[in-house]
Engineer: 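Below you will find the structure I want to go over with you.
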Amino acid sequence: MRVTRTSLIIRPDCTRVFFRPLQMRSRERLLRLLARLLALEEADAQREAERILEDFCHRHRDLPRYLERVWDAVSHEMPTDEPLSPARRLLIAAYLTQEYSMEAAALFNPSIVPHPDQSALPEGALRFILSLRAVGEGHISSLVFRTGRIEADG
């Protein structure tokens with residue numbers, strides 16, 4: 001098969017994001033953050049929690065449950081034993097969570113192989129799997145995959 005260069009450019013998809021826990025460098029820094037969030041008026045905490053859900057729920061499945069797990073992991077660090085509202089717990093967990101775009105910086109080193117499923121294709125077409133090295137924020141490198149189809153006419 002002859003390969004012909006085209007003008008097609010593979011661009012990063014910055015909407016491909018996931019959450020990862022924010023790494024606090026020290027317990028002191030964590031306690032300062034918690035103190036600031038505990039100092040908020042309850043109405044302000046509620047408003048911020050609602051804004052976070054509004055801004056991020058459409059990009060992430062089951063965001064409240066994820067944030068509840070983050071809360072569970074840090075709740076023992078709270079400088080108070082007063083029960084907190086669900087909104088304040090969500091807000092604290094959100095502040096300890098980073099949305100990470102794995103393709104934010106670059107895509108390179110493409111590799112392409114035929115897809116194992118070649119069914120239901122037009123004559124002369126080929127379904128493929130493309131792997132790429134993706135570099136995200138902080139220059140963390142990941143492998144990403146795409147599927148595609150090449151028609152008989154290229």
Engineer: Using modelled atom types only, decide if a donor and an acceptor are shared between the side chain of H139 and the backbone of G136 within a distance under 3.5 Å.
Structural biologist: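 Such a contact is absent between H139 side chain and G136 backbone.
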Engineer: List the residues meeting side-chain hydrogen bond (donor to acceptor under 3.5 Å, both in side chains) with E123, not counting sequence neighbours, and say none if there are none.
Structural biologist: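 With sequence neighbours excluded, E123 shows a side-chain hydrogen bond (donor to acceptor under 3.5 Å, both in side chains) to no residue whatsoever.
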Engineer: Under 4.5 Å between side-chain heavy atoms, hopping through other hydrophobics if needed: is there a path connecting I92 to L31?
Structural biologist: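 I92 and L31: one cluster.
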Engineer: Provide the closest heavy-atom pair for E103 versus D13 in the form atom of the first, atom of the second, distance.
Structural biologist: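 In terms of heavy atoms, the two residues are closest at OE1-N, 2.6 Å.
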Engineer: Treating E151 as the side-chain partner and A125 as the backbone partner, does any N or O pair qualify as donor plus acceptor under 3.5 Å?
Structural biologist: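 Looks like no, no N/O pair under 3.5 Å.
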Engineer: Just checking, any donor-acceptor pair under 3.5 angstrom between side chains of R127 and Q118?
Structural biologist: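 There is no such pair between these side chains.
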Engineer: State yes or no: do Y66 and V17 share one hydrophobic cluster built from I, L, V, M, F, W and Y residues joined by side-chain heavy-atom distances below 4.5 Å, directly or via other members?
Structural biologist: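 No: no chain of side-chain contacts under 4.5 Å links Y66 to V17.
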Engineer: Indicate, with yes or no, if L63 and Y100 share a hydrophobic cluster defined by side-chain heavy-atom contacts under 4.5 Å among Ile, Leu, Val, Met, Phe, Trp and Tyr.
Structural biologist: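 No, no single cluster joins them.
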Engineer: Mind checking the CG-CD1 spacing from L67 to I52? Nearest 0.5 Å is all I need.
Structural biologist: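 Between atom CG of L67 and atom CD1 of I52 there are 7.5 Å.
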Engineer: Do E42 and S85 get their side chains close enough for a donor-acceptor pair, meaning under 3.5 Å?
Structural biologist: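 Yes, side-chain donor-acceptor contact under 3.5 Å.
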Engineer: Is R51 paired with E48 through a side-chain N to carboxylate O contact shorter than 4.0 Å?
Structural biologist: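 R51 and E48: salt-bridged.
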Engineer: To check you understand the geometry: which heavy-atom pair defines the closest contact between L84 and R89, and what is its length?
Structural biologist: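 The answer is O-NH1, 2.9 Å.
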Engineer: Mind listing the closest non-hydrogen atom pair of F128 and R149 along with its distance?
Structural biologist: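 Where F128 meets R149 most closely, the heavy atoms are CE2-N, 3.3 Å.
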Engineer: Identify each donor-acceptor pair in which a side-chain atom of residues 106-117 lies under 3.5 Å from a protein atom, sequence neighbours left out, and give them as a table.
Structural biologist:
unit_1, atom_1, unit_2, atom_2, d
H115, ND1, D117, N, 2.9
D117, OD1, S119, N, 2.9
D117, OD1, S119, OG, 2.5

Engineer: Test Q98 against every option in E137, Q23, R20 by the side chain to side chain donor-acceptor pair (under 3.5 Å) rule and name the one that passes.
Structural biologist: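 With Q98 as partner, E137, Q23, R20 yield a single side chain to side chain donor-acceptor pair (under 3.5 Å), made by R20.
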Engineer: Which heavy-atom pair separates R29 from S26 by the least distance, and what is that distance?
Structural biologist: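 Of all heavy-atom pairs spanning R29 and S26, the closest is N-OG, 3.1 Å.
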Engineer: For the atom pair CD (E50) and CG (L90), what is the distance rounded to the nearest 0.5 Å?
Structural biologist: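 One gets 10.0 Å once the value is rounded to the nearest 0.5 Å.
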Engineer: Are L121 and L130 joined in one hydrophobic group, where the rule is that I, L, V, M, F, W and Y side chains link up if heavy atoms are under 4.5 Å apart?
Structural biologist: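 No; L130 is not reachable from L121 via cluster members.
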Engineer: Is it true that E54 and R59 make a salt bridge, defined as a side-chain N closer than 4.0 Å to a carboxylate O?
Structural biologist: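 Answer for the salt bridge query: no.
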Engineer: Would you compute the distance between atom CE of M102 and atom OG of S141 and round it to the nearest 0.5 angstrom?
Structural biologist: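 Output value for this atom pair is 11.5 Å.
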Engineer: Taking R88 for its side chain and L40 for its backbone only, find out whether a donor-acceptor pair lies under 3.5 Å.
Structural biologist: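 Side chain of R88 to backbone of L40, a donor-acceptor pair under 3.5 Å: yes, one is there.
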Engineer: What is the distance from atom CD1 of I129 to atom CZ of F145, rounded to the nearest 0.5 Å?
Structural biologist: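 Going from the CD1 atom of I129 to the CZ atom of F145 covers 8.5 Å.
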Engineer: Rounded to the nearest 0.5 Å, what's the gap from CZ on F19 to CG on L96? Could you check?
Structural biologist: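 Between F19 CZ and L96 CG, I get 12.5 Å after rounding to 0.5 Å.
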Engineer: With a 4.0 Å cut-off, would you call D44 and R47 a salt bridge?
Structural biologist: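 So D44 pairs with R47 through a salt bridge.
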Engineer: Looking at R25, I want to see if its CZ is surrounded by more than 12 non-hydrogen atoms of other residues, nucleotides or ligands under 6.0 Å.
Structural biologist: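 Atom CZ in R25 is not packed in, count stays at 12 or less.
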Engineer: Report the distance from atom CZ of R32 to atom CZ of R27, rounding to the nearest 0.5 Å.
Structural biologist: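 Here the interatomic distance stands at 12.5 Å.
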Engineer: side-chain contact (heavy atoms from CB on, under 4.5 Å), that's the test. Do I10 and L132 meet it? Break it down for me.
Structural biologist: CA-CA 10 Å; I10 302 168; L132 298 151; 4.1 Å; yes
Engineer: Quick check on the hydrophobic clustering: are L91 and L22 connected, directly or via other members, by side-chain heavy-atom contacts under 4.5 Å?
Structural biologist: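 Linked, L91 and L22 end up in one cluster.
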Engineer: Quick one: are T97 and P21 in side-chain contact, heavy atoms under 4.5 Å?
Structural biologist: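 In short, these two side chains do not touch, never coming nearer than 4.5 Å.
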Engineer: Give the C-alpha distance, both sets of side-chain angles, the deciding distance and a yes or no for side-chain contact (heavy atoms from CB on, under 4.5 Å) between I140 and V135.
Structural biologist: CA-CA 6 Å; I140 297 171; V135 177; over 6 Å; no
